[in-house]
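A note on names: the letters A, B, ... follow the listed sequences, proteins ahead of strands, and every chain is numbered from 1.
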Amino acid sequence: MKRTNYVGRTSEKQIGQEVVLKGWVASRRSFGGLIFIDLRDREGIVQLVFDEKKYPEAFKVANEVRNEYIIEVRGVVRKRAEVNPDMETGTIEVEVEEANQLATSMTPPFSVKDDTEANEEMRLKYRFIDLRRPKMMKYLKLRSKMTSIVHRYFDNHDFLDVETPDLTRSTPEGARDFLVPSRTYPGHFYALPQSPQLFKQLLMAAGVDRYYQMARCFRDEDLRGDRQPEFTQIDMEMSFASAEEIQETTEGLIKMMMKEIKGIDIKTPFPRMKWQYAMDKYGTDKPDTRFEMLIEDLTDLFKNSSFKLFANEANQERHFVRAICVPQGAEKYSRKDLEEKEEYIKRYHAKGLAWVKVGANGYTGTIADQISDQAEEINKRLGAHEGDLIIFVAGSFQVVCDSLGWIRRKIGHEMHMMNKDQWNYMWLVDWPMFEYDEGWGRWIAAHHPFTMLNPEDLHYLNDGEDPHKAHAQSYDIILNGQEIGGGSIRVHDPKIQEKIFKALGYSKEEANTRFGFLIKGLEYGMPPEGGLAFGFDRWVLMLAHANSIRDVVPFPKNSKGIEPMTAAPGTVSQGQLDELHIAVNKNTGHVNPKD
RNA sequence: GGUCCAUUGGUCUAGUUGGUUUAGGACGCAUCCCUGUCACGGAUGAGAUCACGCGUUCGAGUCGCGUAUGGACCGCCA
């Protein structure tokens, strides 16, 4: 029997026609001599009817099948007497004349429906069952559609899709590398790429001019709800393009994506926000601009205050007293709620959280008396009115930003300030070139070491100057408070690249060992160029309104890096280890219990 | 590396302050009845050494400690 159409695409147009369908038994309802089966495939569900009197052979098959058995049926589409409005194909059914069982199934560990009660551990272990759920199938289709749009867009704009190697060389900085031992060279290792960064730059040196790739990237760091050890980037690079041209190209892709996926016309160009402003007003380098509730600085008001807690902070270098005003938050938030928030922000090393509620006769709350002198000015700066809640945090720049940034986002959620169908894309620009890493005790590249700084900031690389003041020609693309991509104009002058390596503390030898091939590329002529990489999984996650990146990755790792279905990583034979010249210290660490 | 939370039939869970609980329910499963259901319905039934170990106690699913697993977060993720 040859299938005539997908189960889920059976339609009223086929009424009276014969169809052959193949799919999974989603549910079975027996009435003695009459059996209904909901048949499911990736496109949807249709109701089958088996009548013992009319087609006894087919009925016998229906009587024996159970949930998740796979069957093929031949029958006639007909209009239903009683319509089921909850079902997409609820106006029709198929009266089955012939049926065959193609596969049996053990009782599934959880039922295949969207509101499944199974927890994620179960779903990942039996992913092939989990993916049968319509919601998961929808995610797979969305991802496929988005991939195809990416290819179409870049192909239409003269970009070449070029593959770069997965077995490459370990580079310092950035994330920990996944290593692959070399069989032929004992003690040598390939590394899986954290991104195709250096290759795409060398493709520019090669004259490819416009490159893109759906590239798999690998980073051996701890996982999060929006982070997997292997993930997909939409990677692109353009020669002879300014930051604006690269951004324009990116906006074009986003515009096309939003039109085709969501049917929405997104306005371009996107707003640009400077890094410093984002940190000051939103407390983060990925602001959610769907709601206001901005952070305001009050440091100057407390320099001479008798309120020691604030005064002490206000008089320290690069320490601040800042606040947000929660409109009509006074009733919504109890002392207990705020204590919980205070507890939370201690993980950002905040010493505490202070708050007042704005009443008809001034402030009430923990520090109301201590700050009554400044009340008028505070209200003015924050635009506070009766019924509002003001939350203060004092401390170092990092602590104040992290704490108030988190509180702003958290309260935004709790008070339903963001609309999930609003899509605020924006560029975050004017990044600092370097950050001081307390752990390493040295300067590191904020973006990556091949980022071009603003030409007028070049002198900060000289000895005795403050690299912290240098700004980079890099840009992040932000969507609703999530970073979904980032890029930069690259260094194409070997002399400048050398200076940057030096500022980062690399000796010439070290730089040559690690990045020699890039330096060579520069020496043989690199065009001015730049590019951008999108976190594709995260973008899919957001457009899908999914809860976790694990929902839009077909076979994801759990939070401990284990893939529960295959139980990777696993052990290998002694023979394999010998070939790779590897001795394993068996007394160290844990064993994958699923292996 | 660190902090916090969770773990009870196949699945999801209830189980107060330790004591009538033979560990309750829902879904699923099995057998039977049923020709218009669509989360079908009805009847009957099977299925759990309460993650593991040690301890406290007259008595532990319940309290403590440890281990394991899962999840969230900090660090980390150029």
Side-chain angles (χ1 to χ4, degrees), chain A residues 26-39 45-54 59 66-68 80-87 89-91 93 95 105-126 129 171-177 194-195 197-198 217-229 231 343-350 402 406 431 433-435 437-440 443-451 472 474 483 486 488 500 504 515 533 535 547-548 550 558-560 562 564 589-594:
Chain A
S27 94
R28 177 175 165 279
R29 298 176 290 279
S30 168
F31 292 81
L34 185 75
I35 293 175
F36 297 101
I37 284 177
D38 289 343
L39 191 68
I45 286 178
V46 83
Q47 172 165 287
L48 309 178
V49 193
F50 297 80
D51 191 323
E52 186 172 24
K53 288 219 176 81
K54 287 179 165 167
F59 181 87
R66 294 293 179 267
N67 281 348
E68 301 308 314
R80 285 206 215 176
E82 227 174 302
V83 166
N84 179 356
D86 298 327
M87 218 172 150
T89 58
T91 58
E93 62 189 7
E95 184 172 46
S105 168
M106 303 213 305
T107 300
F110 51 87
S111 53
V112 179
K113 54 182 186 189
D114 275 344
D115 50 345
T116 184
E117 68 286 2
N119 63 34
E120 199 175 26
E121 194 185 349
M122 262 301 148
R123 290 175 43 211
L124 291 184
K125 189 169 171 190
Y126 295 95
I129 296 172
T171 53
E173 300 239 358
R176 193 177 295 117
D177 286 317
Q194 297 178 25
S195 81
Q197 182 61 37
L198 298 171
C217 306
F218 306 86
R219 294 177 189 178
D220 189 5
E221 296 293 347
D222 288 344
L223 276 42
R224 287 285 191 280
D226 61 355
R227 220 197 282 165
Q228 283 277 303
F231 59 97
E343 201 47 48
Y344 191 94
I345 61 171
K346 283 186 177 160
R347 67 186 58 187
Y348 301 118
H349 304 111
D402 287 349
W406 177 81
W431 291 72
M433 177 73 193
F434 303 104
E435 302 168 339
D437 188 305
E438 305 281 350
W440 293 73
W443 294 95
I444 59 167
H447 191 61
H448 61 59
F450 323 110
T451 306
S474 63
E483 179 212 327
S488 64
I500 292 174
L504 291 169
F515 306 111
N547 294 319
S548 154
R550 294 188 288 266
N558 70 15
S559 74
K560 298 293 191 298
I562 288 172
H590 302 287
V591 171
N592 176 357
K594 295 181 170 57

Heavy-atom check, side chain of Q194(A) versus side chain of H448(A), under 4.5 Å: no
Worked verdict on R29(A) versus S27(A) for side chain to side chain donor-acceptor pair (under 3.5 Å): CA-CA 7 Å; R29(A) 298 176 290 279; S27(A) 94; 2.9 Å; yes
Side-chain N,O (R66(A)) to OP1/OP2 (U31(B)) below 4.0 Å: yes
Nucleotide opposite G36(B) in a Watson-Crick or G-U pair, distances under 3.5 Å: none
Distance-only donor-acceptor test (3.5 Å): side chain R80(A), base C38(B): yes
Nucleotide opposite U20(B) in a Watson-Crick or G-U pair, distances under 3.5 Å: none
Under 3.5 Å donor-acceptor pair, E221(A) side-chain atoms to G75(B) base atoms: no
Earlier contact from the 5' end, RNA chain B, for K560(A) and M87(A): M87(A)
C40(B) phosphate, OP1 or OP2, under 4.0 Å from S27(A) side-chain N/O: yes
Any strand: nucleotide that pairs with A46(B) via Watson-Crick or wobble, under 3.5 Å: none
Any donor-acceptor N/O pair under 3.5 Å between G75(B) base and R224(A) side chain: yes
For R80(A) against G90(A), the heavy-atom pair lying closest together: NE-O, 3.4 Å
For C4(B), the Watson-Crick or wobble partner whose two distances fall under 3.5 Å: G71(B)
Phosphate OP1/OP2 of U7(B) contacted by N119(A) side-chain N/O (<4.0 Å): no
Side chain E82(A) and base U37(B) donor-acceptor under 3.5 Å: no
Sole residue of L504(A), I444(A), T171(A) in side-chain contact (heavy atoms from CB on, under 4.5 Å) with P449(A): L504(A)
Short side-chain N/O contact from R29(A) to OP1 or OP2 of C34(B), under 4.0 Å: no
Pairwise 5' ranking along RNA chain B for A81(A) and S548(A), keeping only the more 5' one: A81(A)
Donor-acceptor pair under 3.5 Å, R219(A) side chain vs C76(B) base: no
Nucleotide nearest Y348(A) when distance is taken to its side chain, options C74(B), C12(B), C77(B): C74(B)
Strand partner of G28(B), provided both Watson-Crick or wobble distances fall under 3.5 Å: none
Phosphate-side-chain proximity, S559(A) and G71(B), N/O vs OP1/OP2 below 4.0 Å: yes
G75(B) base / D222(A) side chain donor-acceptor hit below 3.5 Å: yes
Plane angle bin for F110(A) and Y126(A) - parallel if under 30°, tilted between 30 and 60°, otherwise perpendicular: perpendicular
Aromatic-base stack, F36(A) on U37(B), cutoff 5.5 Å, angle under 30: yes
Short side-chain N/O contact to G70(B) OP1/OP2 from R550(A), under 4.0 Å: no
